There are 2 protein chains.
Amino acid sequence: MQKNKRLKIVALAGGVGGAKLADGLAQLVSPDCLTIIVNTGDDFEHLGLYISPDLDTVCYNLAGINNPETGWGRRNESWNAMHNLVALGGPDWFNLGDNDLGTHLERTRRLGAGQTLSQITRDFCHAWGIHHPILPMSDDVIQTWVDTEQGQLLFQEYFVRLKCQPRVKGFEFRGIKKAAPAPGVLESIFQADLIIICPSNPWVSIQPILGVPGIRDALTGRVVVAVSPIIGGQALKGPAAKMYREMGIKPSALKVAQHYGSILSAFIMDSTDQSQAGDVEASGIRPMITNILMNEIPERARLAKETIQFGEMLLRAPLKEKS
Amino acid sequence: MQKNKRLKIVALAGGVGGAKLADGLAQLVSPDCLTIIVNTGDDFEHLGLYISPDLDTVCYNLAGINNPETGWGRRNESWNAMHNLVALGGPDWFNLGDNDLGTHLERTRRLGAGQTLSQITRDFCHAWGIHHPILPMSDDVIQTWVDTEQGQLLFQEYFVRLKCQPRVKGFEFRGIKKAAPAPGVLESIFQADLIIICPSNPWVSIQPILGVPGIRDALTGRVVVAVSPIIGGQALKGPAAKMYREMGIKPSALKVAQHYGSILSAFIMDSTDQSQAGDVEASGIRPMITNILMNEIPERARLAKETIQFGEMLLRAPLKEKS
């Protein structure tokens, strides 16, 4: 796809769905024209290790070492450390494979030695043969807390330990107001022709990225295309639809588009949800209908290609002024 | 060996050699009659993990899950975490297997939660099916530092990273003066009929145990039998002989006996060193000659049996007054 070589793209991504589209984009776009900015609000410390689930999922996918069955972690993984830790009475709710542990141990060691998360991520990407820049949204600690009927829970407690069962009342991104975007984040957005919001959870993957001071402002007046994480009222993976319901919103592609609201130029939704396209358009957001499922590897590049082509069309055509 | 059922024994042990004899003793003596006190001066923090090499070597041996090739670590080990950590540029000088990592992660987690090393060791032994009490010499942090011509080095830096190459000038056990014996250590010594000093490094395995306030005094006037870690002027494993040379002492079984000096009632040495037995006796220490090699598993129990029988003989016979 030679013609896209010089179109500069920034993708905002969370976990599994975001990683798939980011991988599709990386298959098509040269490293100097694609930057992937990743949510770090899910990061947490467990067993003394600093764990960065979304960064790892994106990196493992781009390196082709991701576990396709689980969506997280490494392929051909072994579980000996965890097995032995649990046999000794250690906590069993957060699974860490042996290969994956190497990542967490070395990241934690480097953070302890004073390196930043973005430096570390750059080095890890180099070691994994990833040429596209993958940036954490911030080098500062930002913690996603979920307000639930069982009280406020750290995201991984809610997500993994409690399997998203507690009813959600809201979200807090602790530390975000004082956080700064990681080096390169704002620069890459300012240089980008097209911003793609990957099909990640709007509440806990994209909202924290947009909440880092400076990022939302940097998107103003730019061509921003989001891919829906909701198909037929259901999340493809994870608790997004459940969160919408518990926040009092019937989950739908339309509601996601309206949730992002004025930052969006356009919205890519599944053909299942074609009937909502008119309402998306009426909300001032240009809809595009396609098959947004990425169950198989080739579908990642296919959806990435369609997203870029849609973006190119938007860039050629005079855009409706965003509100 | 029913007759030993009520003879109460305490074994002092360091790493590989000590673990072998401790294992032999455990095969013969019931759990209520054998306590193993283990050096923790080699403990250190690496990759944020609290690692206790001697405790683990003793425990893994008694549980039958030790790696017989290396002498340290677990059998049937995998190395995925380490392999990946090193691929990311992490330190490669201290090898940690995946199964072994489970131990370190859970121990570190528990220490962070406020549990003591002796509590943790008791729980781990229970999980590993070890019935004999294995006690760390202390729950306090004691760090073995090696004075060398390259400056003072933390023991594992000297031992593993620098492969014992720097010339040794002395030893310091930081924290030892303010340390207390772990719960049960002094009690088990006071109740013991026989104290066995396993064939561990006198400088860096046994000396720190004896240096914990109260332990050396508790041994006074008791039947203490050491097994030589030196055969034919060579250490069976590790740097003991090299350390003797660099400390200005020609290494020999005799010199080890004289090094322990007045705390010893008797000394078990290899038949290779038979010619030194007279000089051991002249030093006021009762010598016993046998084959002290424990290359194969059955030799552990054989040497343990001979050591116990020698102890029984000493207990029956009026002992020469120790100086």
Side-chain angles (χ1 to χ4, degrees), chain A residues 45-52 55-56 59-60 63 65-67 73-113 115 119-130, chain B residues 45-52 55-56 59-60 63 65-67 73-113 115 119-130:
Chain A
E45 223 180 285
H46 185 61
L47 302 171
L49 303 167
Y50 184 93
I51 299 173
S52 200
L55 266 180
D56 287 343
C59 290
Y60 290 167
I65 54 178
N66 61 300
N67 184 331
R74 299 278 291 257
R75 69 177 63 205
N76 304 321
E77 188 56 290
S78 63
W79 302 92
N80 292 323
M82 203 66 200
H83 178 80
N84 280 279
L85 177 139
V86 172
L88 293 174
D92 62 356
W93 64 271
F94 199 89
N95 260 327
L96 293 166
D98 297 327
N99 291 281
D100 197 30
L101 266 172
T103 306
H104 309 314
L105 283 164
E106 176 62 1
R107 180 189 285 122
T108 307
R109 187 190 72 79
R110 288 180 181 228
L111 285 169
Q115 293 187 28
Q119 281 180 293
I120 297 165
T121 305
R122 191 175 56 224
D123 286 354
F124 283 12
C125 283
H126 180 77
W128 286 323
I130 298 170
Chain B
E45 223 180 284
H46 185 61
L47 301 172
L49 302 168
Y50 184 93
I51 299 173
S52 200
L55 267 180
D56 287 343
C59 289
Y60 289 167
I65 55 177
N66 61 301
N67 184 333
R74 300 278 291 258
R75 70 177 62 204
N76 304 321
E77 187 56 289
S78 62
W79 302 92
N80 292 323
M82 202 66 199
H83 178 79
N84 280 278
L85 178 138
V86 172
L88 292 174
D92 62 357
W93 64 270
F94 198 89
N95 260 329
L96 293 166
D98 297 328
N99 291 280
D100 197 30
L101 266 172
T103 305
H104 309 313
L105 283 164
E106 177 61 2
R107 180 189 285 124
T108 307
R109 188 189 71 79
R110 289 180 181 229
L111 286 168
Q115 292 187 30
Q119 282 180 291
I120 297 165
T121 305
R122 190 175 58 225
D123 285 355
F124 283 13
C125 284
H126 180 78
W128 286 324
I130 298 170

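Every heavy atom of this structure was used, including side-chain atoms; hydrogens, water molecules and symmetry mates were not. None of these values were measured; they are calculated from a predicted model. Just so it is clear: chains get the letters A, B, ... in the order the sequence lines come, proteins before strands, and each one is counted from 1.
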Inset, instruction - Mind ranking B:Gly48, B:Ala87, B:Gly89 by heavy-atom pairs under 4.5 Å with chain A and telling me who comes out on top? - result: B:Gly89
Inset, instruction - Could you check A:Asn84, A:Asp98, A:Leu105 and say which one makes a side chain to side chain contact (heavy atoms under 4.5 Å, CB included) with B:Leu101? - result: A:Leu105
Inset, instruction - Considering non-hydrogen atoms only, spot the tightest contact between A:Leu88 and B:Gly102 and give its length. - result: CD1-O, 4.2 Å
Inset, instruction - Below 4.5 Å from any heavy atom of chain A, which atoms of B:Thr103 appear? Answer side chain, backbone, both or neither. - result: both
Legend entry - Inter-residue atom distance B:His104.NE2 - A:Leu47.CG, 0.5 Å rounding: 13.5 Å
Legend entry - Choice from A:Gly97, A:Ala127, A:Ala81 maximising heavy atom contacts with chain B below 4.5 Å: A:Ala81
Inset, instruction - Determine the minimum heavy-atom distance between B:Leu85 and A:Glu106, stating which atoms define it. - result: CD1-N, 3.8 Å
Legend entry - Residue A:Asn99 versus chain B: region with a heavy atom under 4.5 Å: both
Legend entry - Contact class of A:Leu49 relative to chain B, heavy atoms under 4.5 angstrom: side chain
Inset, instruction - Let me know if A:Trp128 has heavy atoms under 4.5 Å from chain B in its side chain, its backbone, both or neither. - result: side chain
Inset, instruction - Tell me yes or no: between the side chains of B:Arg74 and A:Asn80, is some donor less than 3.5 Å from an acceptor? - result: no
